[in-house]
Amino acid sequence: MSKPKIAIVVGSTRAARFADVPTEWIAKIAKAHADIDVEVVDLRDFPLPFFDEVASSAWAPSQNEVAQRWQKKVASFDGFIFTAAEYNHGPTGVLKNAIDYAANEWNKKPAGFVGYGSVGGSRAVELQMAPVKSAVHIAWGDFLAVRQGEKKLEDLEHLNQAGAALVNDVAWWAKVLKAARAADAITAEAKAA
């Protein structure tokens with residue numbers, strides 16, 4: 001079986017976003033993990049309109065071409081790590097919208113988060129996927145120190161440890177759930193025959 005493919009999804013599209021800093025940092029940690037293949041997926045490359053389909057893609061095919069391209073991209077991965085900024089006690093609108101535009105493509109796949117904001121982005125990372133226990137919360141003091149150039153994320157050992165734990169958890173669950181999805185497909189084919 002091939003290595004699980006993990007997407008690191010950049011959860012902000014603002015011109016002045018901080019998201020690139022934690023994305024580059026967690027991608028470096030993830031790419032050092034020998035059991036997974038890693039790709040950074042930038043939501044700027046998928047300019048989705050606000051959700052405007054007749055129904056969720058779980059029930060009806062999306063009509064929007066960007067949505068179809070996004071769904072194919074999401075389907076190609078076995079697990080996800082999201083960078084999630086906390087805006088007004090929730091995730092960014094663009095991240096929530098991207099999640100809404102896919103449905104079945106997320107199923108039975110692990111999700112981990114690198115949250116940042118006033119309380120480490122903890123209120124921005126709640127989804128209906130298979131969440132892993134580990135997460136990275138870049139708390140306000142660390143966020144400001146990095147934003148103001150006083151430190152780099154890699155200088156903060158507690159975040160490096162949390163990042164490594166997050167990647168390990170997502171890699172483990174991606175491998176397990178990939179095998180389970182393959183077994184489900186074989187079972188479904190056998191029943192259909």
- Query: Between Val146 and Phe18, is a side-chain contact (heavy atoms from CB on, under 4.5 Å) present by the stated rule, with each step listed?
  - Reply: CA-CA 9 Å; Val146 172; Phe18 178 74; 3.7 Å; yes
- Where the side chain of Thr83 meets the backbone of Gly11, is there a donor-acceptor pair that is under 3.5 Å apart? yes
- Message: I'd like to check Asn107 versus Asn104 (side-chain heavy atoms, cut-off strictly below 4.5 Å). Are they in contact?
- Response: yes
- Query: side chain to side chain contact (heavy atoms under 4.5 Å, CB included) with Ala182: which residues, sequence neighbours excluded?
  - Reply: none
- Task: Take Glu53 and Asn64 through the test side-chain contact (heavy atoms from CB on, under 4.5 Å) and record every step on the way to the result.
- Result: CA-CA 8 Å; Glu53 298 285 338; Asn64 182 281; 3.4 Å; yes
- Message: Pair Thr13, Arg44 - check side-chain contact (heavy atoms from CB on, under 4.5 Å), show working.
- Response: CA-CA 6 Å; Thr13 58; Arg44 286 179 175 168; 3.9 Å; yes
- Step by step, would you call Lys151 with Asp142 a salt bridge (charged side-chain N to carboxylate O under 4.0 Å, His left out)? CA-CA 8 Å; Lys151 292 187 179 189; Asp142 293 337; 5.9 Å; no
- Task: Grab the two heavy atoms, one from Gly112 and one from Leu166, that are nearest each other, plus how far apart they are.
- Result: CA-CD1, 3.6 Å
- Nearest heavy-atom neighbours spanning Arg181 and Phe77: NH2-O, 4.4 Å
- Message: I'd like to know if the side chain of Asn97 reaches the main chain of Phe51, judged simply by a donor and an acceptor atom lying under 3.5 Å from each other, with no hydrogens or angles considered.
- Response: yes
- Message: Using side-chain heavy atoms (C-beta onward) and a distance below 4.5 Å, is His137 in contact with Val114?
- Response: no
- Query: From Ile186 CD1 over to Lys191 NZ, what is the distance, rounded to the nearest 0.5 angstrom?
  - Reply: 13.5 Å
- Task: Assert yes or no for the condition that the ring centre distance of Phe46 to Trp70 is strictly below 6.0 Å.
- Result: yes
- Query: Would you call the rings of Trp140 and Phe143 parallel, tilted or perpendicular if under 30° counts as parallel and over 60° as perpendicular?
  - Reply: parallel
- Query: Is the closest side-chain heavy-atom distance between Glu24 and Lys28 below 4.5 Å?
  - Reply: no
- Query: Is there side-chain contact between His33 and Val167, with heavy atoms separated by less than 4.5 Å?
  - Reply: yes
- Item | Heavy-atom check, side chain of Gln71 versus side chain of Val74, under 4.5 Å | no
- Query: Side chains of Gln63 and Asp52: does their closest heavy-atom pair fall under 4.5 Å?
  - Reply: no
- Measure the spacing between CH2 of Trp173 and NZ of Lys108 and express it to the nearest 0.5 Å. 13.5 Å
- Query: Taking C-beta and beyond as the side chain, do Lys73 and Val41 meet within less than 4.5 Å on heavy atoms?
  - Reply: yes
- Query: Do Gln68 side-chain atoms and Ser62 backbone N/O form a donor-acceptor pair below 3.5 Å?
  - Reply: yes
- Determine, step by step, whether Asp45 and Arg69 satisfy the salt bridge (charged side-chain N to carboxylate O under 4.0 Å, His left out) criterion, reporting the C-alpha distance in whole Å, the side-chain angles of both residues, the deciding distance to 0.1 Å, and the verdict. CA-CA 10 Å; Asp45 297 331; Arg69 189 167 55 89; over 6 Å; no
- Item | Point-to-point distance, once rounded to the nearest 0.5 Å, from OG of Ser134 to CZ of Phe113 | 13.0 Å
- What one should report as the nearest heavy-atom pair of Phe80 and Val9 is CD2-CG2, 4.3 Å
- Item | Residue pair Val170 / Pro110: nearest heavy atoms and the distance that separates them | O-CG, 3.8 Å
- Query: Taking all non-hydrogen atoms of both residues, which atom of Leu95 and which atom of Leu43 are closest, and how far apart?
  - Reply: CA-CD1, 3.9 Å
- How about Leu153 and Pro22: do any of their side-chain heavy atoms sit closer than 4.5 Å? yes
- Closest approach of Ser57 and Glu105, non-hydrogen atoms and distance? OG-OE1, 4.0 Å
- Task: Return the orientation label for the Trp106 and Phe82 ring planes: parallel under 30°, perpendicular over 60°, tilted otherwise.
- Result: tilted
- Message: Determine whether Ile138 and Leu156 satisfy the following criterion, side-chain contact (heavy atoms from CB on, under 4.5 Å), listing intermediate values before the conclusion.
- Response: CA-CA 10 Å; Ile138 302 171; Leu156 303 168; 6.0 Å; no
- Query: Got a sec: does the CD of Gln148 have more than 12 other heavy atoms crowding it under 6.0 Å?
  - Reply: yes
- Query: With Lys175, which of Asp35, Asp37, Asp78, Asp169 fulfils salt bridge (charged side-chain N to carboxylate O under 4.0 Å, His left out)?
  - Reply: Asp35
